Amino acid sequence: MINYTLLENSIALISFDMKNSTMNVLNQESIAAFDEAFDKAVKDANVKGIIVTSDKKEFIAGADLKMIAAVKTPEQVMEKSGVLHKLYRKMETCGKPVVAAINGIALGGGFELCLASHFRIAINDSKTQIGLPEVLLGLLPGAGGTQRLPRMIGIEQALPLLLEGKKLRPEQALEKGLVNKLVATKEELIPAAVEWIKTVGKKVQPWDDKGFKIPGGGVQTPTGVRVFMAGSALLQKKTFGNYPAPTAIMNSVYEGLQLDFDRALKVEMRYFTQCAMSQVAKNMIRTLFFTMNAANSGAARPKDVPANTLTKVGVLGAGMMGAGIAYVSAVAGLNVVLKDRSIEDAEKGKAYSVKLLNEKVSKGHMTKEKAEEILARIVTTADPKAVEGSELIIEAVFEDRALKASVTKETEAVLAPTAVYASNTSTLPITGLAEASVRPENFIGIHFFSPVDKMQLVEIILGKNTSDYAIAMAIDYVKRIKKTPIVVNDGRAFYTSRIFSTYIAEGLNMLQEGIAPSLIENAGKAAGMPVGPLAVADEVSIELMYKINKQTEKDLGKVNEGAEAKVGRLFMETLNRPGKKAGKGFYEYPTDGGKKHLWSGLAEHFPLAKEQPDVELLKKRLLHYQALNAVKCLEENVLTSPRDGDIGSILGWGFPPYTGGIFSYIDMIGVRQFVEDCKTLATAYGARFNPPALLEEMAKTGKKFYEEKTEKAVA
Ligand code: NAI
């Protein structure tokens with residue numbers, strides 16, 4: 001767990017090395033073992049200085065979140081946080097110089113340990129990340145981070161790091177003062193730490209020195225007052241009060257920095273406890289940590305299928321999606337054949353990788369050689385035979401059934417029988433597309449989001465005949481490109497596109513009712529969605545929604561009378577306002593680079609109702625409508641678990657992370673209450689709000705999607 005070595009120059013080397021784990025984390029056992037080793041070094045009169053490091057690839061990834069998720073009472077939280085406070089305080093006041101030798105990732109509680117050391121040296125490795133990302137899981141750095149960091153680098157520098165949870169690369173950490181020195185290689189790390197102890201060896205923290213002043217000025221100085229005033233306003237604008245942690249961080253820094261260090265830690269403990277006990281932290285930890293880690297590690301992969309060797313991927317269509325898919329695949333070390341109708345089109349797709357890689361090189365995030373190596377893995381072609389030997393095909397040609405069918409046939413003709421064929425279609429059911437295939441069991445959907453290189457989620461869609469072998473291949477591939485997969489069953493628009501469109505649809509219902517467009521947009525943002533429903537409709541394009549609706553009407557043989565269809569027809573057939581790309585949709589996009597603004601003509605087509613509703617009601621409509629439709633996906637077996645639904649909602653279309661995702665949102669409100677709400681909304685706004693039978697049943701039996709004790713999802 002902890003390795004203790006006495007170096008020849010009377011320096012104790014304490015290394016974290018947790019057994020049966022690839023990462024070091026801070027849990028009860030590792031903290032106790034470290035505490036014991038540290039005491040040993042302090043008590044040994046021969047020891048002149050202490051170096052803390054790790055024998056694993058990473059330093060310390062943070063506190064074990066299982067420990068935090070398990071606490072039930074504020075007293076338990078305080079006890080846990082008190083243990084670290086005491087230990088870290090002991091480190092910095094032990095009377096011997098302590099150096100943190102950061103050999104890899106040092107985050108959260110792991111970096112707070114470094115802050116409690118007198119000196120910090122890190123290896124300048126591009127994989128190393130340093131920072132305090134607790135806020136991203138609804139927490140605050142509760143092991144002294146909110147107190148030590150601002151005392152070390154000043155309030156103005158520290159607050160953004162604490163509030164945004166940014167993970168820094170070593171050079172950034174050095175520039176901002178989070179670490180004191182970088183070394184180029186692992187071999188130089190411990191000698192550099194020894195050298196510092198021997199030559200400088202300061203054993204008192206600045207804040208324990210007499211006459212200490214906070215760098216840049218304290219809370220009550222003009223700088224401090226300005227930073228907190230501006231910070232509070234910005235915070236409210238960004239979070240709409242949905243996230244307790246950023247406010248707690250601001251308060252902890254504000255109050256703590258006006259006190260002596262030990263009393264400041266008590267303030268931090270109080271705010272940490274508040275956050276750790278909050279429903280928001282529980283939601284975020286469950287979905288964004290536990291569920292996401294499970295998905296990333298391939299929890300949904302059929303266990304009996306042997307591991308795949310994946311070396312060559314064929315990408316058909318080098319347009320917007322194909323270009324991105326080729327890039328992420330090549331970055332992951334796969335050989336890519338990028339095929340389009342002409343070699344020029346294929347080259348255009350490859351140019352996207354050239355652009356992204358050049359940016360990396362010019363920013364110093366990648367060497368030129370590495371970039372060239374990646375580019376060399378993408379071979380462009382117009383010849384369908386060139387994909388021969390690919391273990392996996394990802395088709396991203398135009399969204400056209402007949403075209404996709406002919407591409408499937410010509411490609412399969414050169415593939416081995418074991419090759420898996422995946423379509424990136426966004427709307428066409430996989431079972432139907434698989435009809436063109438001679439091996440429908442090897443046919444699957446791998447649905448990426450745009451822009452492919454930035455979006456973390458991939459939706460894997462199973463056709464009626466898709467085999468476990470194909471599922472395993474798809475999951476292995478998604479894992480390889482370091483994205484997060486969810487697995488869903490076939491159905492119109494699958495899961496993410498289907499539910500995402502309900503957000504827009506409800507916004508358009510509101511528009512038709514005469515609710516002020518600006519009020520609709522603000523309600524969306526205040527509910528925690530990244531942008532308002534009208535802005536998002538412009539972004540995905542009103543034209544695309546119109547086309548999809550036309551196709552659906554054709555397929556189902558009936559006219560859609562929903563708001564989204566009506567408004568789509570008006571905007572495309574009468575007004576010619578297709579969306580953002582065309583520079584006109586619900587918004588105007590000034591060509592002189594001015595800020596976009598709602599189109600004034602909306603007032604003529606959607607006259608304002610005399611009475612405007614409360615924003616709380618609109619927020620509820622926008623979120624509830626999405627959530628009840630997600631439940632329908634579960635009922636219809638499009639989704640097989642609330643966990644996939646939760647992850648997919650946050651990563652796929654930005655359902656507010658504070659809820660923990662769309663099913664956690666219902667749990668947070670309470671299933672019974674949610675059903676009541678839906679009934680009230682159905683009476684006021686129509687049958688679309690009627691609660692699905694599954695929810696009514698759950699309300700009756702008192703079931704939730706996540707049972708606290710076991711943390712097991714119901715379906
Ligand atoms: P795009 O229009 O940018 O690219 C399509 C490419 O396919 C073009 O370069 C075209 O020349 C090529 N192509 C046409 N026939 C071909 C053939 N026989 N062989 C090889 N290449 C051929 O379209 P985009 O946006 O990249 O979409 C591609 C697919 O991905 C569609 O099925 C779309 O529904 C889906 N999709 C699109 C998303 C988006 O945000 N644009 C998101 C997720 C999926």
Side-chain angles (χ1 to χ4, degrees), residues 313-329 336-353 378-387 390 393-414 421-430 432-433 436 443-461 478 483 486 488 492-498 500-501 504 536-552 578-581 648 651-654:
V313 177
V315 179
L316 311 178
M320 187 166 96
M321 297 307 286
I325 297 166
Y327 170 77
V328 296
S329 304
V336 179
V337 177
L338 182 57
K339 194 250 162 192
D340 208 299
R341 289 175 296 182
S342 70
I343 188 81
E344 291 76 26
D345 284 335
E347 278 296 327
K348 242 190 257 161
K350 184 171 174 178
Y352 183 67
S353 291
I378 305 176
V379 175
T380 51
T381 185
D383 178 6
K385 294 196 195 72
V387 299
S390 299
I393 294 291
I394 300 172
E395 169 276 304
V397 302
F398 299 133
E399 189 77 339
D400 178 305
R401 256 198 212 105
L403 172 68
K404 284 190 193 290
S406 82
V407 167
T408 304
K409 287 201 172 84
E410 87 183 355
T411 309
E412 280 185 346
V414 298
Y421 190 103
S423 176
N424 179 47
T425 176
S426 40
T427 51
L428 304 170
I430 293 299
L433 292 182
F443 201 100
I444 196 163
I446 300 188
H447 179 211
F448 285 86
F449 296 78
S450 173
V452 176
D453 47 296
K454 294 223 173 69
M455 295 294 284
Q456 183 59 27
L457 187 74
V458 175
E459 189 176 28
I460 295 175
I461 303 135
V478 174
K483 295 202 181 282
I486 60 167
V488 307
R492 194 159 282 280
F494 319 124
Y495 167 59
T496 50
S497 305
R498 170 169 163 184
F500 169 57
S501 71
I504 297 176
V536 104
D538 269 5
E539 269 166 40
V540 293
S541 112
I542 300 168
E543 183 179 13
L544 180 67
M545 294 185 315
Y546 171 77
K547 279 190 182 157
I548 293 174
N549 186 53
K550 278 248 144 194
Q551 180 68 46
T552 313
K580 185 177 174 181
K581 237 199 218 157
L651 299 186
W653 72 95

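These numbers come from a predicted model, not from an experiment. All ligand and atom numbering here is 1-based and tracks the order in the structure.
Under 4.0 Å from ligand 1, the heavy atoms of F448 that appear belong solely to its backbone. Only the side chain of S450 comes within 4.0 Å of ligand 1, counting heavy atoms alone; its backbone N, CA, C and O stay farther away. Neither the backbone nor the side chain of V540 comes within 4.0 Å of ligand 1, counting heavy atoms alone.
Scanning all protein heavy atoms for the shortest distance to atom 7 (O) of ligand 1 gives V397 CA, 3.4 Å. If you check which protein heavy atom lies closest to atom 6 (C) of ligand 1, you get G319 N, 3.7 Å. Regarding atom 13 (N) of ligand 1, its nearest protein heavy-atom neighbour is D340 OD1, 3.6 Å. Among all non-hydrogen protein atoms, the one lying nearest atom 42 (C) of ligand 1 is M321 CE, 3.5 Å. Protein heavy atom nearest atom 18 (N) of ligand 1, with residue, atom name and distance: V407 CG2, 3.5 Å. Scanning all protein heavy atoms for the shortest distance to atom 44 (C) of ligand 1 gives N424 O, 3.1 Å.
Annotation for ligand 1: atoms under 4.0 Å from non-hydrogen atoms of S426 are 33 (C), 34 (O), 35 (C), 36 (N), 44 (C). Interface atoms of ligand 1 facing K404, defined by a heavy-atom separation under 4.0 Å, are 31 (C), 32 (O). Atoms of ligand 1 lying under 4.0 Å from any heavy atom of G317, numbered from 1 in the order shown and given with element: 7 (O), 12 (C), 20 (C), 21 (N). Which parts of ligand 1 touch H447 is read off a 4.0 Å heavy-atom cut-off, strictly below it: atoms 43 (C), 44 (C).
In plain terms, the two heavy atoms of K483 and V328 that are nearest each other are CE-CG1, 4.1 Å. Pairing each heavy atom of A537 with each of I504, the nearest pair is CB-CG2, 3.8 Å. Of all non-hydrogen atoms in L433 and T425, the two that sit nearest each other are CD1-CG2, 3.7 Å. When all heavy atoms of S353 and I378 are compared, the closest pair comes out as OG-CD1, 3.4 Å.
In terms of modelled atom types and a separation under 3.5 Å, the side chain of D340 and the main chain of A318 share a donor-acceptor contact.
Using a cut-off of 4.0 Å between Lys/Arg side-chain N and Asp/Glu carboxylate O, E410 and K385 are scored as not salt-bridged.
Counted by atom type alone, T427 and E399 present one or more donor-acceptor pairs between their side chains at under 3.5 Å.
Taking the six-membered ring where the residue is Trp, F443 and Y421 present parallel rings, their angle staying beneath 30° rather than reaching 60°.
Considering backbone and side-chain N/O of E395, none are found under 3.5 Å from N/O of ligand 1. In terms of N/O distances under 3.5 Å, ligand 1 is not approached by T425. Taking any N or O of M320, backbone or side chain, at least one lies under 3.5 Å from an N or O belonging to ligand 1. Of the N or O atoms in K339, one or more lie within a sub-3.5 Å distance of an N or O in ligand 1.
M321 is not listed as a side-chain neighbour of S426, based on a closest heavy-atom distance of 4.5 Å or more. Residues I430 and F494 form a side-chain contact, since some pair of their non-hydrogen atoms from C-beta on lies under 4.5 Å apart.
When each of E347, K350, E344 is paired with T380, the side chain to side chain donor-acceptor pair (under 3.5 Å) condition holds for E347 and for no other. For the side-chain contact (heavy atoms from CB on, under 4.5 Å) criterion with W653, the lone passing option out of T496, V536, V540 is T496.
Within a 4.0 Å radius of atom 3 (O) of ligand 1, the protein contributes one or more non-hydrogen atoms.
Of the candidates R341, E399, K348, it is E399 that places a heavy atom closest to atom 33 (C) of ligand 1.
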